[in-house]
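Step one of this worksheet: look at the structure below.
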2 protein chains.
Amino acid sequence: VVPVVGLPAIGAGDPLGRLIGDALAAAGEALDDGDVVVISQKVVSKAEGRVVDLGTVEPGERALELATRVGKDPRMVELILRESRRVVRAAPGVLIVEDASGWIAANAGIDSSNVTGDDRVALLPADADASARGIRAELRQASGASPAVVVADSFGRPWRLGQTDVAIGCAGLVPLDDWTGRRDLEGRELEATAIAIADEVASAADLVRAKSGGVPTAVVRGIGHFVTDEDGPGARVLQRPGADDLFR
Amino acid sequence: VVPVVGLPAIGAGDPLGRLIGDALAAAGEALDDGDVVVISQKVVSKAEGRVVDLGTVEPGERALELATRVGKDPRMVELILRESRRVVRAAPGVLIVEDASGWIAANAGIDSSNVTGDDRVALLPADADASARGIRAELRQASGASPAVVVADSFGRPWRLGQTDVAIGCAGLVPLDDWTGRRDLEGRELEATAIAIADEVASAADLVRAKSGGVPTAVVRGIGHFVTDEDGPGARVLQRPGADDLFR
């Protein structure tokens, strides 16, 4: 896992894939087809102009009511509701929703850290799988290689404290390694049904990225057997169908 | 992340820490104080004799009733109940409990894969933090170095498909990196409160371990800033207190 240093501050419209390719080239790191480039959601959102000034947000009646209940800024709650399909849990200090892309996340993944300017917050990319495909195409053009791309964000979890990085978008990576029917060394069918490779890659990359915002990108090497020519189904296949989920 | 190859089959009473030290030495990999040795729960359970023959288990009334409801082997359900504090969710094909150590896991983490013999299953270690401390002491004796130790297991999650490896025990590693009060590059307080380092380390290690049982151990390097002299609080600090959890 290699951090990508030297990336400039990212703003709306910046060609993120090309800039990452440039930073890697400047650091003497050649990209390979089996590499996985893991990129923090925040810089993807900035490049896509998904930054909102809360001063421009007028909270509606539902947001005002919910904001009182959870104790959050009504303008923030209005944004969260706009970016969501439905509220999963609301309690003092907690607002967990199913966002418009289907991810279950606190505050629809909206936050202000590492966003320049008071009252400015970053939304998740509208379609982080599409973001990953776009960045992959740019990286291919910049480097000649065709690495996989993961867009990662820090999510909290039920039952366990602390956040871990998970994949909200990917291209060219097998997101879910399905073990159904595979056997162990004893010839016994394995009980784990599938490993969430894209989430484990996101977590591995997070270990080398400084959360203070300095290093939003890392390259994960040595797992080329999970990298594919095709962009593939994206991280969306990691979403557990609602009917199959006992915790909504 | 370096896989530890050449570990022999592990049985009850085997000195796991020493055997891992031997396998590393044989592979020419010297352990360092800043290293993190990540070990699959299954071999720890085997070394601790936490393997049970289902043929010896007599299901009680509650297990028989619950087994019908979830469609599982009543002897397995009996074992799950014995290893649990309470049932969190029961549905056809699903039995999620809070186990005796406080982990919330499907089937109390009991399974049969990579266990030799029909009808034999492995329980989780009774206290995986204590296991990690014991293995750390053995590694220290075998190698002279004092690496951190993580005991990892594959857990499913709500909302997201696929399992990821998480830490159920650790020694000498900061399990939870608390960011409260830290600031981003803009001087703004960060909204992530804590990063579950031990879980991210477990996930990183899983990427190089073959789930078929051949490589139960890996060494994670380059995160010595999270390795401590003291064994520390263990993975148990990753357990979200029940009162603080909206999904039980």
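Residue numbers begin at 1 in each chain, while the letters A, B, ... track the order of the sequences.
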Toward chain B, the part of A:Arg160 with a non-hydrogen atom under 4.5 Å: both
A:Ala132: side chain to side chain contact (heavy atoms under 4.5 Å, CB included) partners, not counting sequence neighbours: A:Val149, A:Val151, A:Ala171
Ring pair (Phe, Tyr, Trp, His ring centres under 6.0 Å) between A:Phe155 and B:Trp159, worked out: CA-CA 12 Å; A:Phe155 275 27; B:Trp159 313 333; 8.9 Å; no
Pick from B:Ile197, B:Asp244, B:Val237, B:Thr164 with the largest number of heavy-atom pairs that fall under 4.5 Å of chain A: B:Thr164
Option that, when pairs with chain A are counted at under 4.5 Å, heavy atom only, ranks first among B:Val220, B:Ile223, B:Asp199: B:Asp199
Among the listed options B:Val1, B:Val166, B:Ile96, the residue most often paired with chain A at heavy-atom distances under 4.5 Å: B:Val166
Residue pairs involving residues 86-113 of chain B (criterion ring pair (Phe, Tyr, Trp, His ring centres under 6.0 Å); sequence neighbours excluded): none
B:Lys46 side chain to B:Asn114 side chain, donor-acceptor N/O pair below 3.5 angstrom: no
Residue selection (most heavy-atom pairs with chain A, distance under 4.5 Å) from B:Gly102, B:Pro158, B:Ala204, B:Gly162: B:Pro158
B:Val88 portion near chain A, given a 4.5 angstrom heavy-atom threshold: side chain
Under 4.5 Å from any heavy atom of chain B - which part of A:Leu207: both
Contact class of A:Asp177 relative to chain B, heavy atoms under 4.5 angstrom: neither
Contact class of B:Arg157 relative to chain A, heavy atoms under 4.5 angstrom: both
